[in-house]
There are 2 protein chains.
Amino acid sequence: MSDRPVPADAPLPPSVIAELSCGLPSAIEAIGERWSFLILRAAFNGMRHFEEMQGHLGIARNILADRLSRLTGHGILERRPCDDDRRRIEYRLTDKGEALLPVLIALRQWGERWGTGVPSNPVLIDRRDERPVQEVRVRAADGRDLTWKDLRWSWREADPATE
Amino acid sequence: MSDRPVPADAPLPPSVIAELSCGLPSAIEAIGERWSFLILRAAFNGMRHFEEMQGHLGIARNILADRLSRLTGHGILERRPCDDDRRRIEYRLTDKGEALLPVLIALRQWGERWGTGVPSNPVLIDRRDERPVQEVRVRAADGRDLTWKDLRWSWREADPATE
DNA sequence: CGGCTTGAGTTTCGATTCGCTACTCATATG
DNA sequence: CATATGAGTAGCGAATCGAAACTCAAGCCG
């Protein structure tokens, strides 16, 4: 019914473009700033404290403070003072933050493959079989790998039968 | 075969952190700036011309010009004057640019799932079976879905057997 | 041809943001 | 108590962003 054929490799008509809605802007709002990805990588690497991140990322303290508060504000990191030393604050990934893993891995893999060609080290392996994770890909419902050419856009709900 | 056991959910020792090498910084170098993701989304949506992107994204012209030249400089977009109208310039994704699809989709899915809750529309479907693509995930070599807790870091040194 | 329009930028300039350093402040530690 | 440490904040010059005007080559129109 509501399934206009809009090929992925052809321009969308303007009226269509105007209706595009997409989770991307909200994602960018939350983590699109310069240092956010690297801070998240640090968090995934197990770093949980301000000084630790500051020292290893070489980021300015005020910027780090701002990014950390923004990330906690978006519910991506959780901020909690430590019990044993109340000066120390622990920043920990929330479920929402951990859900960014595929994005981070995909970006890292892309950078490794197409960037400076430096092989990442260490590499993430599955604890169970001790083998490296697969390349992150877009897959069809039945599991086939898909490229952009295999895809097209489709409206999934009642479409205003404009035009 | 050096294979230091560094659990993914525990802090790495400083000496280890210092040796971290990762494709992420080079990826961020290429596409980490404010508008780059949205420009890439536009490119994946089929937009190929300056005015088209400018109009739809509402980005300032100088910024768009800068981002486009940066993206072409990194080999992510290809810049080519049109044959039929030599005023028009066509910006088209290269293979390197198309390889960012999993990153974009993963980000979009994350934004949709955890962000403002706005369901994306239109949605990408597989041309062959007309069904929406799967959620982008990190997978083990045998295809199991993995979360961060299933992973650990491992040093690889010239190990052609795995991967 | 000559005037008008269009596509793709570039320039200008004020407003933000970045990043470095120094400072604060509450909590440990000796 | 004196000192150190963790997590920020304050100040300020440098870099970047953003809106609007301007440039410039290419098409279009009579």
Side-chain angles (χ1 to χ4, degrees), chain A residues 11-14 17 25 28-43 45-74 76-93, chain B residues 11-14 17 25 28-43 45-74 76-93:
Chain A
L12 293 167
I17 289 167
I28 289 169
E29 230 276 301
I31 60 166
E33 277 155 316
R34 241 205 261 313
W35 285 97
S36 301
F37 277 104
L38 291 171
I39 291 169
L40 287 170
R41 178 187 68 161
N45 282 346
M47 292 188 213
R48 292 182 190 153
H49 302 287
F50 189 95
E51 303 288 339
E52 197 177 6
M53 294 188 181
Q54 200 279 319
H56 280 292
L57 296 178
I59 183 177
R61 305 178 67 79
N62 56 346
I63 306 296
L64 177 57
D66 177 78
R67 295 300 178 276
L68 285 174
S69 83
R70 188 177 297 258
L71 289 170
T72 62
H74 278 95
I76 292 167
L77 294 178
E78 188 189 9
R79 180 186 186 282
R80 210 201 49 176
C82 295
D83 286 340
D84 55 335
D85 181 348
R86 241 139 333 161
R87 287 172 308 181
R88 291 176 74 81
I89 301 290
E90 200 177 66
Y91 289 97
R92 197 184 273 267
L93 288 161
Chain B
L12 293 168
I17 288 165
I28 290 169
E29 230 278 300
I31 60 166
E33 276 154 315
R34 245 203 259 311
W35 285 97
S36 301
F37 278 104
L38 291 171
I39 291 169
L40 287 170
R41 178 187 68 162
N45 282 346
M47 291 187 213
R48 292 181 191 156
H49 302 288
F50 189 96
E51 303 287 339
E52 197 177 5
M53 293 188 183
Q54 200 280 318
H56 181 245
L57 296 178
I59 181 176
R61 305 177 68 78
N62 54 348
I63 306 296
L64 177 57
D66 176 80
R67 294 299 179 276
L68 285 174
S69 83
R70 190 177 296 259
L71 289 170
T72 62
H74 281 283
I76 291 166
L77 294 178
E78 188 187 7
R79 180 187 186 282
R80 210 200 50 176
C82 295
D83 286 340
D84 55 335
D85 182 347
R86 245 145 320 171
R87 286 172 309 181
R88 290 176 75 80
I89 302 290
E90 200 178 66
Y91 289 97
R92 196 183 273 266
L93 288 161

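Proteins come first, then strands; the chains are lettered A, B, ... in the order of their sequence lines, and each starts at number 1.
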Please report, rounded to the nearest Å, how far the [atom2] atom of [N] is from the [atom1] atom of [X].
X: A:R67; N: C:dC18; atom1: CZ; atom2: C1'; result: 9 Å
X: B:D85; N: C:dG9; atom1: CG; atom2: C1'; result: 15 Å
X: A:Q54; N: C:dG19; atom1: CD; atom2: P; result: 12 Å
X: B:D84; N: D:dC28; atom1: CG; atom2: P; result: 9 Å
X: A:I63; N: D:dA10; atom1: CD1; atom2: P; result: 14 Å
X: B:L64; N: D:dT16; atom1: CG; atom2: C1'; result: 16 Å
X: A:R87; N: C:dT27; atom1: CZ; atom2: P; result: 10 Å
X: B:H56; N: C:dG7; atom1: NE2; atom2: C1'; result: 19 Å

Are any of [X]'s side-chain N or O atoms less than 4.0 Å away from OP1 or OP2 of [N]?
X: A:R86; N: C:dA28; result: yes
X: A:R61; N: C:dC23; result: no
X: A:W35; N: C:dC18; result: no
X: A:H49; N: D:dG6; result: no
X: A:R79; N: D:dG8; result: yes
X: A:Y91; N: D:dG8; result: yes
X: B:R88; N: C:dG9; result: no

Counting only N and O atoms by type, is there a donor-acceptor contact under 3.5 Å from the side chain of [X] to the main-chain atoms of [Y]?
X: B:T72; Y: B:L68; answer: yes
X: B:H56; Y: B:E52; answer: no
X: B:N45; Y: B:M47; answer: no

## Note on the structure
Side-chain atoms of A:E51 come closest, of D:dA7, D:dA10, D:dG18, to D:dA7
### Task
Tell me, with the steps shown, if B:Q54 and B:H49 meet side chain to side chain donor-acceptor pair (under 3.5 Å).
CA-CA 9 Å; B:Q54 200 280 318; B:H49 302 288; over 6 Å; no
### Message
Which is more 5' along DNA chain C, the nucleotide nearest A:D83 or the one nearest A:R34? Just name the residue.
### Response
A:R34
### Evaluation steps, salt bridge (Lys or Arg N to Asp or Glu O under 4.0 Å), between B:R80 and B:E90
CA-CA 5 Å; B:R80 210 200 50 176; B:E90 200 178 66; 3.3 Å; yes
### Task
Could you tell me whether B:N62 contacts a base, only the sugar-phosphate backbone, or nothing, with contacts defined as non-hydrogen atoms closer than 4.0 Å?
base
